[in-house]
Number of protein chains: 2
Amino acid sequence: MPMVHNIRRQAGLAELAQQRGLRLTSQRRLIFSILESAPTHLNAKQILEEARKQDPGIDQVTVYRNLSVMKRMGVIDELDLLHLRGEEHYYEVRQLREHCHVGCLSCGQMFEFVTPAMKAINKALEKECNYKVAYARIEIGGYCAKCRGKEEQGKVIQKGKRVRSLTSATSRI
Amino acid sequence: MPMVHNIRRQAGLAELAQQRGLRLTSQRRLIFSILESAPTHLNAKQILEEARKQDPGIDQVTVYRNLSVMKRMGVIDELDLLHLRGEEHYYEVRQLREHCHVGCLSCGQMFEFVTPAMKAINKALEKECNYKVAYARIEIGGYCAKCRGKEEQGKVIQKGKRVRSLTSATSRI
DNA sequence: TCCTTATTGCAAACCGTTTGCAATAATATT
DNA sequence: AATATTATTGCAAACGGTTTGCAATAAGGA
């Protein structure tokens, strides 16, 4: 996972920080740069792990606090990914283009999807309810083509799912 | 909060239960009927509280386990409500009509919104990605007309938000 | 360079949720 | 209707992600 710095975005972080009296610590920069260059959405633990490669002394609480700050600054977004992977939260740098997060309930694979219909929802809401949309979170669960192919007759069971009894509170979704 | 039984839905629960070798215990019925007649989305704690009014001996673990079972049966849906209220999960009986959950980032008020654009997203996804949508969760954060009116010059701060320092990990969103 | 205070790291707490297990009770079987 | 089977319950304890208190540190303005 190469740590490529995105100049424009880093600058944005600095400006925003200054505006609000926030300080640009090495830890804050590091955490942001990890999120920026991450190929997938990461959770706090993963971010910590990655951060420790460059700053072994960094603490998880610093990660949590910075995620919280950036979230409030609107620099990053927090996702649940339909709890397909677990109960933790996942993070991504806020994208210019609104997108949905789609996950396969069978294999757990997630991907992003862009469609104009997303904006249509916001428009409708603003028009019909006089509501000013700040952000929309769309998470969709379904079955990808590959998994539907495999599903010959049996029920599709989520990969890696631990099923002891139907009452066990173990599995997700 | 009157416990009105919805015959059709209860029957549905019974059928579904039987199909899957699940048993219709008094606790399971009770929890379902609470969700059915709830005026808002409830979290596990609230459901337990409500359930104890009719069955003081019921345990929270029973609530959790049943929510998990019903979730897997597709009888109820689990929501995060954008974490506007907290990190817990909220539940609702699965609706026939797909709807979005919209919340005001200022006053925290939540409401449901129905628009054909929602189905358009699913259609696009099925067509463009050969994906079979099982369910979509749309959660939107924004500012209601009332709060936008109040926002004369200052920043809108979420009601009840505890803010000590900008770094405090206390506030939501 | 000094001062103010935002931020950090550590340890411990917190809270929603899950698990192990023996007792109980809902269904299927006889 | 009686019995056998096993899903479900309640209790107590654990779990895991996240948050808090606090003293030490360091960023950014004066």
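Labels below follow one simple rule: chain letters A, B, ... track the order of the sequence lines, proteins then strands, and each chain is numbered from 1.
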**Study point:** Position toward the 5' end of DNA chain C (nearest nucleotide), B/Q60 or A/G57
**Key:**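 Per heavy-atom nearest nucleotide, the more 5' residue is A/G57.
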Practice item. Compare every heavy atom of B/C104 with every heavy atom of B/C144, then report the nearest pair and how far apart it is. Key: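 In this case the closest contact between B/C144 and B/C104 is N-SG, 3.4 Å.
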Output all residues satisfying side-chain contact (heavy atoms from CB on, under 4.5 Å) with [X], sequence neighbours left out; order by chain, then residue number.
X	answer
B/A134	A/L105, A/Y143
B/V61	B/D59, B/R65
A/E92	A/H41, A/D77, A/L79, A/Q95, A/H99, A/H101, A/E112

Rounded to whole angstrom units, what separation is found between the [atom1] atom of [X] and the [atom2] atom of [N]?
X	N	atom1	atom2	result
B/R28	D/dA7	CZ	P	11 Å
B/E87	D/dG16	CD	C1'	14 Å
B/H83	C/dC15	NE2	C1'	15 Å
A/E78	D/dG17	CD	C1'	12 Å
A/K71	D/dT18	NZ	C1'	10 Å
A/D55	C/dG9	CG	C1'	11 Å
B/L67	D/dT9	CG	P	11 Å
A/I47	D/dT18	CD1	C1'	13 Å

**Study point:** Pair A/R137 + A/D80: basic N to acidic O under 4.0 Å
**Key:**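 Here A/R137 pairs with A/D80 in a salt bridge, since their nearest N and O are under 4.0 Å apart.
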Point to revise | Partner set under side chain to side chain donor-acceptor pair (under 3.5 Å) for B/Y90, not counting sequence neighbours | key: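 If we apply the side chain to side chain donor-acceptor pair (under 3.5 Å) test to B/Y90, skipping adjacent residues, the hits are B/E88.
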Exercise for review: Using a 4.0 Å cut-off on protein heavy atoms (strictly under), produce a 5'-to-3' string for nucleotides 22-30 of chain D with B for base contact, S for backbone-only sugar-phosphate contact, and - for none.
Suggested key: ----BBSS-
Would you say [X] reaches [N]'s phosphate, i.e. side-chain N/O to OP1/OP2 under 4.0 Å?
X	N	result
B/H89	C/dG16	no
B/Y64	C/dT18	no
B/T62	D/dT9	no
A/N66	C/dT8	yes

Point to revise | Nearest-nucleotide pick for A/A44, side chain only, options being D/dT18, D/dT9, C/dG9 | key: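 Between D/dT18, D/dT9, C/dG9, the one nearest the side chain of A/A44 would be D/dT18.
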Check your understanding: Which other residues belong to the hydrophobic cluster containing B/L125, where Ile, Leu, Val, Met, Phe, Trp and Tyr are joined when side-chain heavy atoms lie under 4.5 Å apart, directly or via other members?
Key ->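 Reading the cluster by chain and number, B/L125 sits alongside A/V102, A/F111, A/F113, A/M118, A/I121, A/L125, A/Y131, A/V133, A/I138, A/I140, B/V102, B/F111, B/F113, B/M118, B/I121, B/Y131, B/V133, B/I138, B/I140.
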Review point. At what angle, to 10 degrees, do the two end axes of the helix from C/dT1-D/dA30 to C/dT30-D/dA1 meet, given five pairs define each axis?
Key: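 Taking the rotation axis at each end, their angle is 50°.
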Exercise for review: Start with the C-alpha distance between A/E50 and A/K53, add both sets of side-chain angles, then the distance that settles salt bridge (charged side-chain N to carboxylate O under 4.0 Å, His left out), and finish with yes or no.
Suggested key: CA-CA 6 Å; A/E50 199 59 36; A/K53 290 182 186 166; 3.3 Å; yes
Point to revise | Set of salt bridge (Lys or Arg N to Asp or Glu O under 4.0 Å) partners for A/E98, sequence neighbours left out | key: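 Salt bridge (Lys or Arg N to Asp or Glu O under 4.0 Å) check on A/E98 returns nothing, list empty.
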